[in-house]
Structures are given as C-alpha cells and as structure tokens.
Chemist: 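Below is a structure I'd like to ask you about.
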Number of protein chains: 2
Amino acid sequence: MSLDIQLPPRERLLQAAVELLANSEGAPVSTRKITELAGVTAPTLYHHFGDKEGLFDAVVAVGFEQYVASEMDLEPTGKPLDDVRRMWDQHVRFGIEKPHLYLVMFGKVRPGNRSNRVSEAEALLRGKLDRAAEAGHLNVPPADAVRSILAANIGVTLMLISEPEKERNFELSDMTRDAVITAVSSEAGIADSATPVGASAVVVAAIALNAALESSNPQQLSNTEMKMFLEWLHRISKTT
Amino acid sequence: MSLDIQLPPRERLLQAAVELLANSEGAPVSTRKITELAGVTAPTLYHHFGDKEGLFDAVVAVGFEQYVASEMDLEPTGKPLDDVRRMWDQHVRFGIEKPHLYLVMFGKVRPGNRSNRVSEAEALLRGKLDRAAEAGHLNVPPADAVRSILAANIGVTLMLISEPEKERNFELSDMTRDAVITAVSSEAGIADSATPVGASAVVVAAIALNAALESSNPQQLSNTEMKMFLEWLHRISKTT
DNA sequence: CTAGCACCTATAGCATTGCTATATGAAGGG
DNA sequence: CCCTTCATATAGCAATGCTATAGGTGCTAG
C-alpha cells in the first residue's frame, strides 16, 4: 500500500497527496492516508510542510506551474486580446482536467481573504491585458478588466466542474468568454449590441416562438405534429 | 451560554447554527458548539436533521427563501431584461450581506455534483429569461443564457466576498453583469412596441419567424421538412 | 385510570480527524 | 570521540461528526 519507489520522503509525500487527491472524487483527503501511502509517519509531514495546508499548497504550486507553463508555451498571437481568449480556454481546460487541483486552488473562498492563487492568476492575465491596453484595445482600465474576466472565468469553470461530465456544454465557456472580453475591449464597442455576433433574425424569432409555445400550447397542431415542430424549431435555434 | 428563550429544540438548533455561522468568519462551525449554544445534546440534532449537512441545508433554505422573497417583492419592470439585471444585483447583495450563508450555498463545489441551490437559482433566473425570450429579447436559447449569467454572477459574487471589505469595487459587478446580459440579448426585439394588443405571444412570434424565414433560408432543415414546417407555422399564426 | 405506543431527548462513547511533545537515529565537524 | 543538527518514529492529545442504547413525555385506546 506504500509507494515503493525510494525517493526522499518529501517527494513521496507530495506524490501520495497528488495521487489521493486525484482519486478521491472531491472527498476530503486525510493526512493519515497520505502518510500511510507515502510510507511515512505524521511528524515527517509536519516537519517538511508545517501544515496540511502547507502540503496542499506545495501540491497546488506544482499544478499551477504546469498551468502557467502550458500557457507560456503558446507564442503570443500578436493580438493581445486573442491571447486573453486563449488564456481563458487554458484556464477552463485546466479546471476540467484536474478538478481536484482546481478546487483546492479556487474552490475554497473565505470572506475578506483572497487566496494566493487568485492573485497569481490575476497577475498572469494582467500581463496580457496591459499589452492590450498599450495597443489601445481596452476601453476600461486593465485592473478592472482583469477582475471581471477572471471572476467570470472562475465562475464558468466552477459551474462546468459541478456539472455531470456528460452534460457539460462548453458553449457556455465560449459565450461568456466573448461576452466579457468584448465588453472591456474597444475593438467592437459595447454599443453595437444590436447586431450580436452570429445572431440572425431567424434564430431570434425561433427562440421567441419556442419560449412562447412552452407557456401556452395552441390547439392548431396535434400532439405528434407539435412534437416534430418543436424539434425542428430547436434545430433552427442552434446557430453554427 | 445557551439560548434561554424556550423554543422547540428544532428551532433553537436552527437559530444557534445561524448565529454561529454568522459570527465565525468563515471558520468551520462544529456540531458541538451548535448543540451547546442551543442547550441540547447531539442526538437531538441528528434526530431532527439527520446530518450536519442536513442542518446546514435547513439553515440555507431559510436564507434562500429570504433571498427569493426579496426578489419577489420587486414588481416586474415590464422589461424582462431589466428584471434580470435587478436579479443579478440582488444576488450579489445577498452574497455580500450574508457571506457565510452564501458560501454554504454556492461555495462548496464538487465535481459532477451540482448543488440544489444552483439549480434553484437557475430556475429563478430562468423564469425571467423565458419572458425575455418570448418578447424576442434573446438571441440565444434561454437555457444557455441562464447558465452564462448565473456562472458569471456567482463568480463575481465569490470574488467580491473574497476581497477585503475596504477594497471591494462594485463596478466589477455592474460591468460584468452588463457584459453577459448584453451578449445574450438582442435589443432589436421582434415583438417590441409593434405588438398588436390582444394577440398572443405565440402568434406574434410565429408571424415574426415566418417573416424572418422568408428572407433567409436556414440549412438546418431539408426542403420537405421546411415545407411542412412553414405550413404548421401558418396554422399557428391563424388566430382562432 | 392505566397500558401501550410514538415521539423526542439524554448518557456515554466510538472512530477519525489534524497536530504535537518527546525520543531516537544518522551524518558531519571539532 | 563527543556534540550538534537534521530527519524520522513512538505515542498520544483534543476536537470532530456521528450513533447504540436507554430514558422520559405525552397522547390515545381500552
């Protein structure tokens, strides 16, 4: 039941924590299980990490470095706002692929006590947004843009994580991403909302009809007709 | 140290839980402190609520009802999307005013396991958005709009809660709110002031869709399907 | 009036949790 | 060879969520 590979205990503890964190679906992981799997006793853990939270911080630091690295691997596109979009996507992907790590990083909110990881993620985003601002692509201060984008990004990721895997609809991410980024950017100002991207009069009308039908069922169509009608309506409502 | 007011133990437990939850700044609240403050022993708690989580659920249910009530108190403005904006603001205000309750509701995310409160909040929003859709103010299906808005709303609220009270910048909320709502909305509503009095929303929407289809034929339906679809649309458009 | 029954509460204690006071071992420098 | 320093282990504490069991308490049936 212990990691036989003879590494220094510190590394074994980290490895054990990662493994248990990954396999226990969101359930709390005890220090005892960790030390047991690492083949080590309790004081060793506290000698090296001081705290359970210290150990988890170390684990998260590793994960966060991977996340940052995966972002740094990508070359800047030249359009800073496109970089921001890509960063958003990386963020979401990281959360989906390693939910346990992500939740340790961003999941436990405390009043008046912002977590380090949030600050670090903010700094990362800030870099890109400063460049966007220099290029005149922002219509709000970068500091404001960062907070808005990051808040939405975390909110979306948490929501996707909390959804059953099968039901996950990533359009949610794209939609919200473009919404907040467009809002802070001066490229396509907020004002042109009258002609939203990809929306056609047909889609708008189809959605409206669908909603209206749900609240009152007219008698002009039989049940089977209505069923088919609704399905087609649904298909029309789906853009792209 | 105990609540002297002689209420039924169940109520005393609820009251004690609320009080401790409110005063302990985000720190975990133990069942022992709760039962002690309520002047009651452990089994009583488990008899009435089954679980610590059960007790907290009951507490949260009370808080949520207040939240819903505060929303219901407001009369609809007539513009569904304005109602949505107000709902967003109510959500944020609730989170700021009762962070402990809010965090119990929305703070503990588990992979693949959406919380009841999220679903309930979704249903609330959904009501308003359906009306917006009926009025032709949406350019995405209401279900998608709900998720995007709610995810951003929760994200923003969590971020505001996690910030030191002095630094809180509520512009973050307004900015993000308008961003996501604008993104899902088509202010060029099809059924705005031109809505004939007395005509049902279904008929209006059907006529609008018919008109929209005449100018652009979508690819989602085959020719035969489209033919039948148009005929049914026609039947629906005929007022009885 | 009393026997029985359902409901509610208390006594006492279990297993697990994070963490630590203290002791033991090993490695290196004087 | 001793002494310091670092790293690990023994054993156990206090707090946690929860429960097996038993004891009231009030209501209804006989």
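First the proteins, then the strands, lettered A, B, ... as listed; each starts at 1. Just so it is clear, the values below take in all heavy atoms, side chains as well, and ignore hydrogens, waters and symmetry mates.
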Chemist: Can you check the A/Glu36 CD to D/dT8 P distance for me, whole Å?
Modeler: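 Atom CD in A/Glu36 sits about 18 Å away from atom P in D/dT8.
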
Chemist: With the threshold set at 4.0 Å, does a side-chain nitrogen-carboxylate oxygen contact exist between A/Glu122 and A/Arg114?
Modeler: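 A/Arg114 and A/Glu122: salt-bridged.
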
Chemist: In this structure, which one of A/Val180, A/Val184, A/Thr176 forms a side-chain contact (heavy atoms from CB on, under 4.5 Å) with B/Thr176?
Modeler: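 Filter result, single survivor: A/Val180.
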
Chemist: Which nucleotide wins on minimum distance to the side chain of B/Thr31, given the candidates C/dT11, C/dC19, D/dG17?
Modeler: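 Of the candidates, D/dG17 comes closest.
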
Chemist: Only pairs at least two apart or in different chains count here, so list each salt bridge (Lys or Arg N to Asp or Glu O under 4.0 Å) that has a residue in residues 141-157 of chain A.
Modeler: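 Salt bridge (Lys or Arg N to Asp or Glu O under 4.0 Å) check on residues 141-157 of chain A returns A/Arg147-B/Glu163.
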
Chemist: Tell me whether B/Lys33 is salt-bridged to B/Glu36, with the criterion being a basic N under 4.0 Å from an acidic carboxylate O.
Modeler: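 Between B/Glu36 and B/Lys33 there is no salt bridge, as every charged N stays at least 4.0 Å from the carboxylate O atoms.
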
Chemist: Which pairs pass salt bridge (Lys or Arg N to Asp or Glu O under 4.0 Å) with one or both residues in residues 56-70 of chain B, sequence neighbours excluded?
Modeler: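 Output for this query is empty, none listed.
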
Chemist: D/dG17 C1' sits how many Å from B/Leu13 CG, rounded?
Modeler: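 Going from CG in B/Leu13 over to C1' in D/dG17 covers 15 Å.
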
Chemist: Check step by step if side chain to side chain contact (heavy atoms under 4.5 Å, CB included) holds for B/Val40 and B/Leu45.
Modeler: CA-CA 8 Å; B/Val40 160; B/Leu45 191 161; 5.8 Å; no

Chemist: Taking the minimum atom-to-atom distance to the side chain of B/Pro43, which one of C/dT20, C/dT9, D/dA20 wins?
Modeler: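 Closest nucleotide among those given: D/dA20.
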
Chemist: Is a salt bridge present between A/Arg85 and A/Asp89, judged by a nitrogen-to-oxygen distance below 4.0 Å?
Modeler: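 Not counted as a salt bridge, because no side-chain N and carboxylate O are separated by less than 4.0 Å.
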
Chemist: Would you say D/dA7 has OP1 or OP2 under 4.0 Å from some side-chain N or O of A/His47?
Modeler: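 For D/dA7, OP1/OP2 do have a side-chain N/O of A/His47 under 4.0 Å.
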
Chemist: Identify each atom pair where a protein N or O and an N or O of nucleotides 12-15 of chain D are less than 3.5 Å apart, giving names and distance.
Modeler:
none

Chemist: Quick one: is A/Thr41 getting a side-chain N or O under 4.0 Å of the D/dA9 phosphate, OP1 or OP2?
Modeler: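 Checking A/Thr41 against D/dA9: at least one side-chain N or O falls below 4.0 Å of OP1 or OP2.
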
Chemist: For A/Pro28, answer base if it contacts any base atom (sugar-phosphate contacts may also be present), sugar-phosphate if it contacts only those atoms, and nothing otherwise; contact means non-hydrogen atoms under 4.0 Å.
Modeler: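 If one applies the 4.0 Å heavy-atom cut-off, A/Pro28 turns out to touch nothing in the nucleic acid.
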
Chemist: Between B/Arg12 (CZ) and C/dC8 (P), how many Å, whole number?
Modeler: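 Answer to the nearest Å: 15 Å.
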
Chemist: Among the candidates C/dC19, D/dA9, C/dA10, find the nucleotide nearest to the side-chain atoms of A/Tyr46.
Modeler: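 From the listed options, C/dC19 comes nearest.
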
Chemist: Write down the distance between CG (A/Leu20) and C1' (C/dG18), rounded to a whole number of angstrom.
Modeler: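 The answer, rounded to whole Å, is 16 Å.
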
Chemist: Atom NZ of B/Lys33 and atom P of D/dG17: how far apart are they, to the nearest Å?
Modeler: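 About 11 Å, once rounded to whole Å.
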
Chemist: Separation of B/Leu45 atom CG from D/dT16 atom P, in whole Å?
Modeler: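 To the nearest whole Å, that distance equals 14 Å.
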
Chemist: Using a strict heavy-atom distance below 4.0 Å, which residues from residues 49-60 of chain B are in contact with DNA chain D?
Modeler: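 Close to the strand are B/Asp51, B/Lys52.
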
Chemist: Hey, can you pull the donor-acceptor pairs under 3.5 Å for the side chains in residues 93-107 of chain A, sequence neighbours left out?
Modeler:
{"residue": "A/Arg93", "atom": "NH1", "partner": "A/Gln90", "partner atom": "OE1", "Å": "2.7"}
{"residue": "A/Lys98", "atom": "NZ", "partner": "A/Gln66", "partner atom": "OE1", "Å": "2.7"}
{"residue": "A/Tyr102", "atom": "OH", "partner": "A/His91", "partner atom": "NE2", "Å": "2.7"}

Chemist: Sort and list the pairs that fulfil ring pair (Phe, Tyr, Trp, His ring centres under 6.0 Å) and have at least one residue in residues 151-173 of chain A, not counting sequence neighbours.
Modeler: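 Sorted pair list comes back empty.
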
